[in-house]
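Below is one structure, written out as structure tokens, with a few remarks after it.
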Amino acid sequence: MTRKAAAPAEATQVLAFEDNGLLKELVGPMGLHLAQLERRLGVDIHHSGNRLSLKGAKAAIAQARKALERLYAHLEDGGQLSAGDIDTAANQAASGSEGPSAFSPSLTLQTPRKLIKPKSKTQADYVAALNRSELVLGIGPAGTGKTYLAVAAGISRLVKGEVDRLILSRPAVEAGEKLGFLPGNMEEKVDPYLRPLYDALHDMLPGDQISKRREAGDIEVAPLAFMRGRTLSNAFIILDEAQNTTPQQMKMFLTRLGEGSYMVVTGDPSQIDLPRGQPSGLIEAQQVLDGVAGTEIVTFGEEDVVRHPLVKRIVRAYDTFEKRGGGAAGQ
């Protein structure tokens, strides 16, 4: 007879909070914030007076306590809470992260339209790297915020006057298409490849500011080929979809870095659209740059996907499928 594994022993813990006003914000309207944490972390949380009573498995209680303490500290610092913040705290607590808190003021990126905070432990590590290093590689699956956070960091530095220009670039390689066979002039040919970068810009800057800054040369969105022969000084430079660069293109791009500049390279090695047999410059750069002073490599996983919850499940399903040797994804 097969014996069932014993369920984890339940425990109870009581947390007391000094400020009832902040505790009310922590609980959320009609207790919605607590209900969200209960669902995410598998605990029961009851509110009475200035206390919260936690009931569940010991590990789940420890995670809930960490999440609640981080959220309360965020409120003490003058912050506000949204459903996304609750998920962020739950994600970071569940990951067992002892690294930088996603709610640290130093990790909040200020753009004209919104304040942007990391939503996972890896995102917090990534923003910390963007704040301190001249070259950062953000590598991992779609939906993990690699490009979005890089654009936010670039806009933040631009509006603060820390750099003179924000330059965003992508290789014009998508699913085997070649620009020469596409209709229109050069700008019309490359625009669809650069559209995701424009989307991020419009999420953080008013449209009139984007137009004025592009006309003034403060913001440039261009295909990778336009970077050749240039030295980019006092700029924040982003290369997106870098898995579709060749090693030669990657070396060319990295050596454009000039005085007073910062560079971010993002990509997903599982979505390479280069011709079969052509090595990816991103994969080579991971090996070449590992341990180089002034460079940081941050690797995201499917647990860092912050889009619709279904996206995380899709990424996980494809990973499982490909590990079993199925399909042609990433070839």
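Please read all numbers here as calculations on a predicted model, not as lab measurements.
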(request) Hey, could you give me the CG/CD1 distance between Leu257 and Ile237, rounded to the nearest 0.5 Å? (result) 5.5 Å

(message) Applying a strict under-4.5 Å side-chain criterion to I, L, V, M, F, W and Y, I'd like to know whether Leu115 and Ile86 cluster together.
(response) no

(request) Locate the shortest heavy-atom distance separating Pro141 from Phe300; write the atom from each residue and the value. (result) CD-O, 3.5 Å

(message) Applying ring-ring contact (aromatic ring centres under 6.0 Å, His included) as the test, list every pair that has at least one member in residues 22-44; sequence neighbours left out.
(response) none

(message) For Ala89 versus Ala67, what's the shortest heavy-atom pair and its separation?
(response) O-CB, 3.8 Å

(request) Indicate yes or no: at least one non-hydrogen side-chain atom of Lys55 is less than 4.5 angstrom from one of His46. (result) no

(request) Could you tell me whether the side chain of Gln209 and the main chain of Pro206 form a donor-acceptor pair under 3.5 Å? (result) no

(request) Taking the side chain as every heavy atom from C-beta outward, state whether Pro171 and Leu239 have any pair of such atoms under 4.5 Å apart. (result) yes

(message) Measuring only between side-chain heavy atoms, which start at C-beta, is Leu109 closer than 4.5 Å to Asn131?
(response) yes

(request) With rounding to the nearest 0.5 Å, note down the distance linking CG in Leu166 to OG in Ser156. (result) 11.0 Å

(request) State, with a plain yes or no, whether a side-chain heavy atom of Leu52 is found less than 4.5 Å away from one of Leu68. (result) yes

(request) Have a look at Leu168 and tell me which of Ile219, Val264, Asp240 forms a side chain to side chain contact (heavy atoms under 4.5 Å, CB included) with it. (result) Ile219

(message) Suppose the criterion is salt bridge (Lys or Arg N to Asp or Glu O under 4.0 Å): which pairs have a residue in residues 14-35, not counting sequence neighbours?
(response) none

(request) Determine, using the 4.5 Å side-chain heavy-atom cutoff (strictly less than), whether Leu32 and Leu81 are members of one ILVMFWY cluster. (result) no

(request) Report whether Ile61 and Val14 are members of the same hydrophobic cluster (ILVMFWY, side-chain heavy atoms less than 4.5 Å apart, transitive linking). (result) no

(request) Mind checking side chain to side chain contact (heavy atoms under 4.5 Å, CB included) for Thr111 and listing every partner two or more places apart, or none if nothing turns up? (result) Lys114, Ile116, Ala152, Ile155, Met204

(request) Would you check if there is a donor-acceptor pair between the side chains of Glu241 and Gln243 at a distance under 3.5 Å? (result) yes

(message) With rounding to the nearest 0.5 angstrom, report the NZ to CD distance, Lys146 to Gln123.
(response) 10.0 Å

(message) Check whether Ser169 reaches the backbone of Ala222 with its side chain - one donor and one acceptor, N or O, closer than 3.5 Å.
(response) yes

(request) Measure the shortest side-chain to side-chain distance between Leu232 and Met227 over non-hydrogen atoms and say whether it is less than 4.5 angstrom. (result) yes

(message) Lys251 vs Glu284, test: salt bridge (Lys or Arg N to Asp or Glu O under 4.0 Å). Steps then yes/no.
(response) CA-CA 10 Å; Lys251 182 179 179 182; Glu284 181 180 274; over 6 Å; no

(request) To the nearest 0.5 Å, tell me how far Thr147 OG1 sits from Asp199 CG. (result) 11.5 Å

(message) Just checking Glu162: does its CD atom have more than 12 heavy atoms from other residues, nucleotides or ligands closer to it than 6.0 angstrom?
(response) yes

(message) Donor-acceptor pair, distance only, cut-off 3.5 Å: does the side chain of Ser211 make one with the backbone of Gly207?
(response) yes

(request) Please list, chain by chain and in numerical order, all residues satisfying salt bridge (Lys or Arg N to Asp or Glu O under 4.0 Å) with Lys212, sequence neighbours excluded. (result) none

(request) Could you tell me whether Arg113 and Asp203 have a side-chain N and a carboxylate O separated by less than 4.0 Å? (result) no

(request) Report yes if the side chains of Thr266 and Tyr126 come closer than 4.5 Å at any heavy-atom pair, otherwise no. (result) yes

(request) Could you tell me whether the side chain of Leu23 reaches within less than 4.5 Å of the side chain of Val27, counting heavy atoms only? (result) yes

(message) Quick one, Thr245 and Val265 - any side-chain contact, counting heavy atoms below 4.5 Å?
(response) no

(message) Leu71 vs Leu26, test: side-chain contact (heavy atoms from CB on, under 4.5 Å). Steps then yes/no.
(response) CA-CA 7 Å; Leu71 291 166; Leu26 179 62; 3.5 Å; yes

(message) I'd like to know whether CD of Gln278 has more than 12 heavy-atom contacts from other residues, nucleotides or ligands below 6.0 angstrom.
(response) yes

(request) Measure the spacing between CD1 of Ile314 and CG of Asp319 and express it to the nearest 0.5 Å. (result) 12.0 Å

(message) Tell me whether Met252 shares a hydrophobic cluster with Val292, the cluster being built from Ile, Leu, Val, Met, Phe, Trp, Tyr side chains joined at under 4.5 Å.
(response) yes

(request) List the atom of Arg70, the atom of Ala93, and the distance in Å for their closest heavy-atom pair. (result) NH1-N, 4.4 Å

(message) Arg51: which residues meet the salt bridge (Lys or Arg N to Asp or Glu O under 4.0 Å) condition with it, sequence neighbours left out?
(response) none

(message) Among Arg214, Arg230, Arg213, which residue satisfies the salt bridge (charged side-chain N to carboxylate O under 4.0 Å, His left out) criterion with Glu220?
(response) Arg230

(request) Would you name the heavy atoms of Ile238 and Phe253 that are closest together and state the gap between them? (result) C-CZ, 4.3 Å

(message) List the residues meeting side chain to side chain contact (heavy atoms under 4.5 Å, CB included) with Tyr262, not counting sequence neighbours, and say none if there are none.
(response) Arg157, Val163, Phe236

(message) So, taking the atom named CG in Leu274 and the one named CG in Asn244, what distance separates them when rounded to the nearest 0.5 Å?
(response) 5.0 Å

(message) Looking at every heavy atom in both Gly49 and Asn20, which two are closest together, and how far apart are they?
(response) O-OD1, 3.9 Å

(message) For a quick test of reading the model, state the closest non-hydrogen atom pair linking Ala142 to Asp268 and the distance between them.
(response) N-OD2, 3.7 Å

(message) Exactly one of Leu107, Val127, Thr108 should register a side chain to side chain contact (heavy atoms under 4.5 Å, CB included) with Lys117. Which one does?
(response) Thr108

